[in-house]
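Note that the coordinates shown come from a computational prediction; the quantities given were computed from them, not determined experimentally. Atom set for the values below is all heavy atoms of this structure, side chains included, hydrogens, waters and symmetry mates excluded.
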Amino acid sequence: MDKSRQTWIEAKSIGNVAFEVLAKDQTAAVMSSLSKGIYIKSASRWLVLLSFERYCSPLTITFKETRPLTNPLPIGTKVHFSSGQMLIPAAGVSITIKDQNVWNPPPRQNNPGIYTERQKRVNSIAATALRLKPGLGFSHLLPGVLGLQMEKHPPRQALIPLFENIILAQQSIREGRLASVGEILNKFLGVGEGLTPSGDDYVSGVLLTLNRWKDIFIPNDELDSLNQQVVKTAYKGTTMLSANIIECAACGTGDERLIKMVDYLMCGDGNQEILVSDLFNWGSSSGVDAFIGMASVISAMDGEYKR
């Protein structure tokens, strides 16, 4: 590529996982080019998202200027990672990364709110989900998951087995039977359509909640076995992007919209209206399905934290 014709773009932020991926010289390729960003498959198991949105995640690179990247790139277009830079010869674009722009998940509060208050927040957001996303993803399962009346939003027949499994997962979480939780979560992997099927988004919500707040919910080494069990199955049974997101969730991290929501549910820190808008606009139903995973964990506890 003629360097005189390159367009140089500086990343505004880069997720910590993406930063580690770009540190290794390798050839990658465009996996998909969408209106909100470009997914690039590295030579390792990780995808990197060149995002046209403002939200950060472990896998995401954001920019102040995205116009040089907005022309669709064919699937398979070659991309080169070299010394912390990303080169896309076909687009005439070079992306530079600075160490100070690396994004890491924000620290969480140490003192969660009381059970009754967080349950109010869960129920309030569930009501919003039923109003804004009726019938999308697993949204109609929310009343049953939360132990509320389901007459107004009966689940579709096809969702009833999934609902029953969510209830079983809640019981197993409450009783600390994590091996059973893993077996149940694995049944959701790959269920649904798209880059991140609904079942995968639900699983990521469960794992993020358990791992980000593990000292509150399940403060023992059993959670590591659960994480390994689900992550291993995810890389065999669903999309690469979903598997990446699930692996991040198993490390207690993920898209900042997910992190802010689970922390809000636990602590009440943040503006509910903004958080809901951000999360529920993530994909067609991804945000709602991830929320259901969070809500199912929080509502599984009998009013007291396990210690």
Side-chain angles (χ1 to χ4, degrees), residues 119 121-175 177-210 226 229-243 245-246 249 257-258 261-262 265 276-277 279-302:
Q119 197 61 48
R121 290 189 288 271
V122 168
N123 291 345
S124 173
I125 295 175
T128 302
L130 290 169
R131 178 168 53 84
L132 297 180
K133 299 285 186 175
L136 290 178
F138 294 170
S139 62
H140 277 184
L141 300 183
L142 269 169
V145 169
L146 301 179
L148 306 174
Q149 295 297 317
M150 298 182 66
E151 286 81 0
K152 292 184 179 180
H153 302 280
R156 299 191 302 273
Q157 190 68 30
L159 292 180
I160 291 178
L162 298 174
F163 169 68
E164 293 172 346
N165 278 321
I166 291 176
I167 298 304
L168 288 175
Q170 288 181 293
Q171 293 173 349
S172 297
I173 290 170
R174 185 161 48 241
E175 296 167 4
R177 296 183 288 109
L178 297 193
S180 296
V181 175
E183 293 174 2
I184 295 168
L185 293 183
N186 284 342
K187 296 178 181 180
F188 286 85
L189 296 174
V191 175
E193 300 178 351
L195 289 173
T196 61
S198 288
D200 301 341
D201 294 322
Y202 160 75
V203 170
S204 67
V206 170
L207 291 183
L208 176 61
T209 306
L210 289 175
L226 167 63
Q229 179 184 6
V230 177
V231 170
K232 181 178 179 180
T233 306
Y235 277 102
K236 297 177 180 179
T238 189
T239 67
M240 182 66 69
L241 177 57
S242 278
I245 292 173
I246 288 169
R257 289 166 285 191
L258 297 176
M261 177 56 74
V262 74
L265 293 175
V276 168
S277 176
L279 183 63
F280 287 2
N281 285 319
W282 184 36
S284 175
S285 68
S286 291
V288 172
D289 291 323
F291 166 73
I292 294 172
M294 300 172 192
S296 70
V297 172
I298 293 173
S299 296
M301 314 309 287
D302 286 331

Identify every side-chain donor-acceptor pair in residues 282-294 under 3.5 Å, counting partners at least two apart or on other chains, and give the distances.
from : atom 1 : to   : atom 2 : distance (Å)
S285 : OG     : D289 : OD2    : 2.9
S286 : OG     : T196 : OG1    : 3.1
S286 : OG     : D201 : OD2    : 3.0
D289 : OD1    : F138 : N      : 2.8
D289 : OD2    : S198 : OG     : 2.7

* Asked: Do T128 and K133 come within less than 4.5 Å of each other through their side chains, counting heavy atoms only?
  -> no
* **Non-hydrogen atoms of L146 and A126 that approach each other most closely** => CD1-CB, 3.4 Å
* Are any of the side-chain heavy atoms of I245 and D200 separated by less than 4.5 Å? -> no
* Side chains of V206 and V203: closer than 4.5 Å at any heavy-atom pair? -> no
* Interatomic spacing from CD1 in I125 to CG in L132 - rounded to 0.5 Å -> 11.5 Å
* Asked: If every non-hydrogen atom of P197 is compared with every non-hydrogen atom of V191, which pair is closest and at what distance?
  -> CB-O, 3.2 Å
* Under the ring-ring contact (aromatic ring centres under 6.0 Å, His included) rule, what pairs show up with a residue in residues 183-210, not counting sequence neighbours? -> F188-Y202
* Structure fact -> Taking every heavy atom of L130 against every heavy atom of P134, the minimum-distance pair comes out as O-CB, 3.4 Å
* CD1 of I184 to OG of S172: how many Å apart, nearest 0.5 Å? -> 4.0 Å
* Asked: What distance separates L141 CG from E164 CD, expressed to the nearest 0.5 Å?
  -> 10.5 Å
* Under the 3.5 angstrom rule, does the side chain of S139 hit a backbone N or O of L136 as a donor-acceptor pair? -> yes
* So, for S299 and Q119, which heavy atoms are closest and what is the spacing to 0.1 Å? -> OG-NE2, 3.0 Å
* **By side chain to side chain contact (heavy atoms under 4.5 Å, CB included) - contacts of T233 (at least two apart)** => N186, L189
* Decide yes or no for L178 and V181: does some side-chain heavy atom of the first lie under 4.5 Å from some side-chain heavy atom of the second? => yes
* Side chains of I298 and R121 in contact at under 4.5 Å (non-hydrogen atoms) -> no
* Structure fact -> Output for pair (F280 CZ, R131 CZ), nearest 0.5 Å, gives 10.0 Å
* When rounded to the nearest 0.5 angstrom, what is the spacing between CG in L168 and CD1 in I173? -> 11.0 Å
* **Side-chain donor or acceptor of T238 paired with backbone N/O of A234 under 3.5 Å** => no
* Considering only heavy atoms from C-beta outward, does the side chain of L207 approach that of L185 to under 4.5 Å? -> yes
